[in-house]
Q: 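Mind looking over this structure? Questions follow.
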Amino acid sequence: MAIPLETLRRPADFAALQQHGRSRAHPLVVVRAGHNGLDRTRYAFSTGRHLGGAVIRNRVRRRLREIVRALAPRIAPGWDVLIVARPAAVAVRYDELRDAVLALLGRHGILVAERCAG
RNA sequence: CGAGCCGGCCGGACGGUCGCGGGGCCCGGGCAACCGGGCCUCGAGGAAAGUCCGAGCUCCCUGACGCAGGGUAGCGGGUAACACCCGUCCGCCGCGAGGCGAGGACCAGCGCCACAGAGACGAGUCGGCCUCCCCCGGGAGGCCGGGUGAAACGGGGCAAGCUCUACCCGGAGCAAGGCCGAAUAGGAGGGCGAUGCCGGGCUCAGCCCGGCGCAGGUGCGUCACCGAGCCCUCGGGUAGGCCGCACGAGCCGGCGGGCAACCGCCGCGCCCAGAUGGAUGACCGUCGCCCGGCUCCGGUCGGGCACAGAACUCGGCUUACAGGCCGGCUCGUCGA
């Protein structure tokens, strides 16, 4: 059974991540991550207004969430991860976006060998 | 058949594998709060958009009247209300079906009237004639005329100019507003506390250092250590949570009234998104439509499928939009 994705909600969590997290960039996305001191990893997605209208921003955010969901078994626990979409992410296919997220998570060093898929 | 006008409607379909939000029922654990699981069901739009009008609903303002400010504008009707809708009159446009119209009042006042024209709204005079004055070239007054123009010593036009008239309008908005409410700090009341003692120092009504005592410090006992405050109650507020928040001027069908907008009755008909860092998704297959290439005309390959995403809820308006369906009507051509 896959663990449901937990998303960041409290403004204080965002502020903490902004202050203590490290970020890695790619032409499509930026990933900011930091330790949260918990036994699980929490996520947040940012799709700013400069990407386009509500439909476009919704689509990008939903794709990112789906990508993270599919990747969840390979992500180490104990992190807060913020994924920021950049304008170029609007036009690319699902797998291009997934590869970009994967590369940045790898550069953060928070990918692990796939746990026993339950 | 070809041009065109009006009204209404749809706006990809079906299936599979993972996934998300709401609601209901059931099972297991637990005193409970709650935790874990299963099944069923619902889950974006005609514009959800712009936030331009009108309301409901909240809170604020003692009430009434007036002023200021804003809005509406033939007439009649519909409606909770409207700037919306329907009917109708008038004006303009179109051969026509039809379309468009801020369509009350300039004998209350102010203001403006392009171009042309000498002159355009109390000021000026292009030409001719008459009278008068005089320094003989002009001046003053009067009459007539051509031309310009929508309109000329004289009667108009304009209120999407001010204004006047009639009628309407309090303000802010669901981040409205209501309830619950930690931790920490501070407030009020009450209770329990050695309300200390000794020595030393200093910049000496006090402060600092050391020792002994003492409430309290873990639910209790003992030991060690810390040690001047500790405990209870109340009220306000913050983080956070809940309500508002999904049954309504609701939808569907039938009958009746009305030219219509719309209204009434009936069914014991239907329940139709409720997120809150914000669910409604990802991938795949089949079919449909559009574009392009190849073609043995059977197909086949590749790409695309609009505008656009609920945020308190309704009624409108406006704007965006690939493609398509249905109905009524007009004009033209041909045939009967």
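Every chain is numbered from 1 and lettered A, B, ... according to where its sequence line falls, protein lines coming before strand lines.
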Q: Take the protein atom CG of A:D13 and the nucleotide atom P of B:A239, then report the distance between them rounded to whole Å.
A: 16 Å
Q: When the P atoms of B:C271 and B:G7 are compared, how many Å lie between them, rounded to an integer?
A: 36 Å
Q: Looking across every strand, which nucleic acid part, if any, lies under 4.0 Å from A:R93 by heavy atom: base, sugar-phosphate, or nothing?
A: nothing
Q: Taking the side chain of A:R61 as heavy atoms from C-beta outward, which of B:A310, B:C283, B:A279 is closest to it?
A: B:A279
Q: So if I take every side-chain heavy atom of A:V55 and compare against B:A308, B:C283, B:G278, which nucleotide ends up nearest?
A: B:A308
Q: Assign A:R57 to base, sugar-phosphate, or nothing according to its heavy-atom contacts below 4.0 angstrom with the strands shown.
A: nothing
Q: Between A:R62 and A:I56, which has a closest nucleotide on RNA chain B that is more 5'?
A: A:R62
Q: Between atom OH in A:Y94 and atom P in B:C283, what is the gap in whole Å?
A: 7 Å
Q: Using a cut-off of 4.0 Å on non-hydrogen atoms, how would the nucleic acid contact of A:F45 be classed: base, sugar-phosphate, or nothing?
A: nothing
Q: Tell me the interatomic distance from A:N58, atom CG, to B:A282, atom P, rounded to whole angstroms.
A: 10 Å
Q: I want to verify a distance call: between B:A282, B:G309, B:G277, whose nearest atom is closest to the A:R59 side chain?
A: B:A282
Q: Whole angstrom is fine here: how far is it from CD1 in A:I83 over to P in B:G277?
A: 18 Å
Q: What's touching nucleotides 16-18 of chain B from the protein side, N or O pairs under 3.5 Å?
A:
from, atom 1, to, atom 2, distance (Å)
B:C18, O2', A:R69, NH1, 3.4
B:C18, O2', A:R69, NH2, 3.4

Q: Rounded to whole angstrom units, what separation is found between the CG atom of A:L71 and the C1' atom of B:A282?
A: 13 Å
Q: Tell me: CZ of A:R63 to P of B:A279, nearest whole Å?
A: 16 Å
